[in-house]
Colleague: 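Here it is, the structure in full.
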Amino acid sequence: MALFIVRHEHKADLCPAADPYRGAALLSHLSQPYARRHGMEIRGKAVVQGEHTLYLIIESADEACVRRFMEPLAAAGSLDIHPASTCAGVVAGGGCAAPGLLTDTETVDPETACEDAVEAGLLVHRVHPLNCETSVPELIGGVVVPNARFYVRNHFPIPLLNPATWRLNVGGLVERPQRFNLDDLHHMPSQTLVVTLECAGNGRSLLHPPVEGEQWRLGAVSTAEWTGVPLVEVLDRAGPAGRARTVVLRGADGGDVPGRTAPLRFERSLSLDEARDSDALLAYAMNGEALPRHHGFPLRVVVPGWYAVASVKWLTEIEVIDTDFAGFFQADRYFYEWPREGRTTREPVALQQVRALITEPVADSDIPTGELTVRGVAWSGASPIARVEVSVGLGTWQPARLVGERRRHSWQWWELLTRVDVPGATTVRARATDLAGRTQPEQPVWNRLGYGINPVQEVAFRVR
Ligand SMILES: Nc1nc2c(c(=O)[nH]1)N[C@H]1C(S)=C(S)[C@@H](COP(=O)(O)O)O[C@H]1N2
Ligand SMILES: [Mo]
């Protein structure tokens with residue numbers, strides 16, 4: 001189906017709307033059911049007041065069809081039909097002047113992917129590849145984030161994999177190379193875990209001076225219930241050889257990256273010990289539904305507690321090797337690089353830093369004097385949350401109550417009931433500490449690639 005904008009103008013003395021009978025006939029002609037019978041969808045219609053000019057937005061297989069449908073009106077005046085595109089389509093295709101929309105049969109249409117994300121209320125940072133964050137105030141409710149509102153982080157176009165022909169190959173230094181289809185995996189012992197995924201770049205936009213990369217605010221984090229086969233189960237079937245050291249996880253997506261001459265696939269690695277001890281899951285379901293395309297359909301890795309770069313989507317290969325892995329997303333990105341005492345120190349990005357997010361009150365809102373509920377979520381990759389403290393208007397830190405079940409790999413809700421009695425502008429801050437004693441810094445700790453940014457969050461609001 002293609003989109004058209006139709007413009008029709010008629011002379012004042014021929015205006016059909018002036019006559020109640022002809023006006024009614026016109027309305028039926030332009031009704032959705034009538035248009036559908038002609039194989040068209042009317043997406044919008046409006047008249048420019050006082051100018052006898054009508055605009056229609058029509059979806060149709062071709063222009064001839066639209067022209068035929070508009071014949072009765074054309075007889076009374078002019079008719080212009082412009083081939084059109086959705087706004088998302090133009091942006092995804094590289095702008096109004098681009099030669100044509102990107103089409104690649106093996107990837108998800110960027111236009112649809114982007115439109116779905118916008119409709120679901122996600123904040124889109126980049127259309128191609130699709131990158132969007134979840135809206136923090138909308139987290140109010142359950143522990144899990146609905147699939148359509150889960151943040152999306154992609155480095156390449158989203159691959160469209162056919163579940164009937166898709167395979168997972170397990171090879172390299174293993175005693176029994178394996179090849180699984182989706183059905184095989186569905187019949188293996190399964191596990192369901194509630195896991196919070198957070199992008200290592202979450203909060204990057206807080207850095208001064210700014211650093212390159214997606215300018216995430218605080219919403220590149222979400223929680224879901226994942227179901228799949230434990231990674232150990234699959235590794236055990238293959239039997240890593242004695243000198244095996246590293247497990248490489250390879251996705252179906254790929255492309256060019258800076259500093260490398262040939263296009264490459266999205267790949268990440270875990271040491272064999274990490275792969276065994278991390279509770280990593282090969283997930284085929286998310287919140288009880290088949291894994292959505294954006295999130296790795298038909299199979300993705302979920303490594304609990306780790307920054308989500310480890311959770312490879314669209315998984316097609318597991319390769320066991322006896323060296324460290326030097327892939328682009330392992331060696332050239334996803335490490336902390338801090339300037340310290342005149343030297344730079346480096347450390348790979350691994351477990352999520354401890355962090356609390358405030359979902360209530362909403363930034364810039366007006367709150368009546370009296371009782372105030374401060375709410376949010378908190379998590380840490382290294383260890384469960386020990387406590388969350390809240391400070392209103394730069395006052396003392398008060399302990400918040402941890403709400404609901406404590407789950408090892410999921411964020412935890414917290415809340416504090418307090419009072420605000422003085423009208424005016426004020427702020428609220430929240431600070432989480434985990435059982436390992438890690439807590440959040442007052443200011444973001446700058447590093448060159450902008451990872452693991454977890455300063456105490458401050459939300460400004462007004463008391464009235
Ligand atoms: N194959 C593949 N897996 C991937 C990525 C990717 O670009 N390709 N991005 C990673 C990063 S950086 C993050 S933060 C998470 C995002 O997962 P989500 O889109 O399901 O939220 O996927 C990870 N797995
Ligand atoms: Mo990420």
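Numbering of ligands and ligand atoms starts at 1, following listing order.
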Colleague: Report the nearest protein non-hydrogen atom to atom 23 (C) of ligand 1: residue, atom name, distance rounded to 0.1 Å.
Modeller: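 Sorting protein heavy atoms by distance from atom 23 (C) of ligand 1 puts Ala308 O, 3.2 Å first.
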Colleague: Give the residue, atom name and distance (to 0.1 Å) of the protein heavy atom nearest atom 4 (C) of ligand 1.
Modeller: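 The protein heavy atom lying closest is Phe266 CE2, 3.5 Å.
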Colleague: For atom 22 (O) of ligand 1, what's the nearest protein heavy atom and its distance?
Modeller: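 Of every protein heavy atom, Arg300 NH2, 3.5 Å lies nearest to atom 22 (O) of ligand 1.
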Colleague: Taking the six-membered ring for Trp, are His186 and Tyr284 parallel (under 30°), tilted (30 to 60°) or perpendicular (over 60°)?
Modeller: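 Rings of His186 and Tyr284: perpendicular, as their planes differ by over 60°.
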Colleague: Short N/O distance, under 3.5 Å, between Glu198 and ligand 1?
Modeller: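 Min N/O separation from ligand 1 is not below 3.5 Å for Glu198.
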Colleague: Can you say whether the rings of His125 and Trp216 are parallel (under 30°), tilted (30 to 60°) or perpendicular (over 60°)?
Modeller: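 Ring orientation, 0 to 90° scale: perpendicular.
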Colleague: Under a 4.0 Å threshold between the charged nitrogen and the carboxylate oxygen, would Glu133 count as salt-bridged to Arg217?
Modeller: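 Here Arg217 does not pair with Glu133 in a salt bridge, since their nearest N and O are not under 4.0 Å apart.
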Colleague: In sequence, state the C-alpha distance, the side-chain angles, and the governing distance for Arg245 and Asp324, and then conclude on salt bridge (charged side-chain N to carboxylate O under 4.0 Å, His left out).
Modeller: CA-CA 8 Å; Arg245 208 164 91 198; Asp324 283 343; 2.9 Å; yes
Colleague: Does the distance from a Lys or Arg side-chain N to an Asp or Glu carboxylate O, for Arg265 and Glu317, drop under 4.0 Å?
Modeller: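 Salt bridge present between Arg265 and Glu317.
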Colleague: Students should be able to answer this: which protein heavy-atom is nearest to atom 24 (N) of ligand 1, and at what distance?
Modeller: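 Nearest protein contact, heavy atoms only, for atom 24 (N) of ligand 1 is Ser311 O, 3.0 Å.
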Colleague: Below 4.0 angstrom from a heavy atom of Val152, which ligand 1 atoms are there? Numbered from 1 as shown, please.
Modeller: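 Ligand 1 atoms under the 4.0 Å threshold to Val152: 19 (O).
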Colleague: Kindly confirm or rule out an N or O of His295 lying under 3.5 angstrom from an N or O of ligand 1.
Modeller: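 Yes.
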Colleague: Who passes ring pair (Phe, Tyr, Trp, His ring centres under 6.0 Å) against Trp338, sequence neighbours left out?
Modeller: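 Scan of Trp338 (ring pair (Phe, Tyr, Trp, His ring centres under 6.0 Å), adjacent residues dropped) gives Tyr336.
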Colleague: Under 4.0 Å between a Lys/Arg side-chain N and an Asp/Glu carboxylate O for Arg464 and Asp366?
Modeller: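 The answer is yes: the pair qualifies as a salt bridge.
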Colleague: Please report which non-hydrogen protein atom sits nearest to atom 9 (N) of ligand 1, along with the residue it belongs to and the distance in Å to one decimal place.
Modeller: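 Result for atom 9 (N) of ligand 1: Arg153 O, 3.4 Å.
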Colleague: At what distance is the nearest protein heavy atom to atom 12 (S) of ligand 1, and which residue and atom is it?
Modeller: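 The protein heavy atom lying closest is Tyr334 OH, 3.2 Å.
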Colleague: Is Arg355 paired with Glu198 through a side-chain N to carboxylate O contact shorter than 4.0 Å?
Modeller: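 A salt bridge links Glu198 with Arg355.
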Colleague: Hey, which atoms in ligand 1 end up nearer than 4.0 Å to a heavy atom of Trp314?
Modeller: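 Those qualifying, in numeric order: 1 (N), 2 (C), 8 (N).
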Colleague: Can you tell me which residue and heavy atom of the protein come closest to atom 19 (O) of ligand 1, and the distance to 0.1 Å?
Modeller: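 The protein heavy atom lying closest is Lys313 NZ, 2.5 Å.
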Colleague: Answer yes or no: is there an ion pair linking Glu405 with Arg407, defined by an N-O contact shorter than 4.0 Å?
Modeller: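 A salt bridge is present here (some side-chain N lies under 4.0 Å from a carboxylate O).
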Colleague: To the nearest 0.1 Å, how far is atom 21 (O) of ligand 1 from its closest protein heavy atom, and which atom is that?
Modeller: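 Heavy-atom neighbour on the protein nearest atom 21 (O) of ligand 1: Tyr151 O, 2.7 Å.
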Colleague: Hey, is ligand 1 close enough to His155 that some N/O pair sits below 3.5 Å?
Modeller: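 Between His155 and ligand 1 (N or O atoms, distance only) the closest approach is under 3.5 Å.
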Colleague: Which of the numbered atoms in ligand 1 are under 4.0 angstrom from any heavy atom belonging to Asn154?
Modeller: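 So the atoms of ligand 1 that pass are 7 (O).
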Colleague: Which of the numbered atoms in ligand 1 are under 4.0 angstrom from any heavy atom belonging to Cys199?
Modeller: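 Reading through ligand 1 atom by atom, the close ones are 14 (S).
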Colleague: Check this for me: does any side-chain nitrogen of one of Arg429 and Glu442 sit under 4.0 Å from a carboxylate oxygen of the other?
Modeller: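 Salt bridge flag = yes for Glu442 with Arg429.
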Colleague: Taking only heavy atoms of Asp253, which atoms of ligand 1 are found under 4.0 Å from at least one of them?
Modeller: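 Listed by number with element, the hits are 1 (N), 2 (C), 6 (C), 7 (O), 8 (N).
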Colleague: So, are Arg260 and Asp332 salt-bridged, with charged N and O less than 4.0 Å apart?
Modeller: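 Answer for the salt bridge query: yes.
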Colleague: Check ligand 1 against Phe150 and write out every atom of the ligand that is under 4.0 Å from a heavy-atom position of the residue.
Modeller: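 Selected atoms, number and element: 21 (O).
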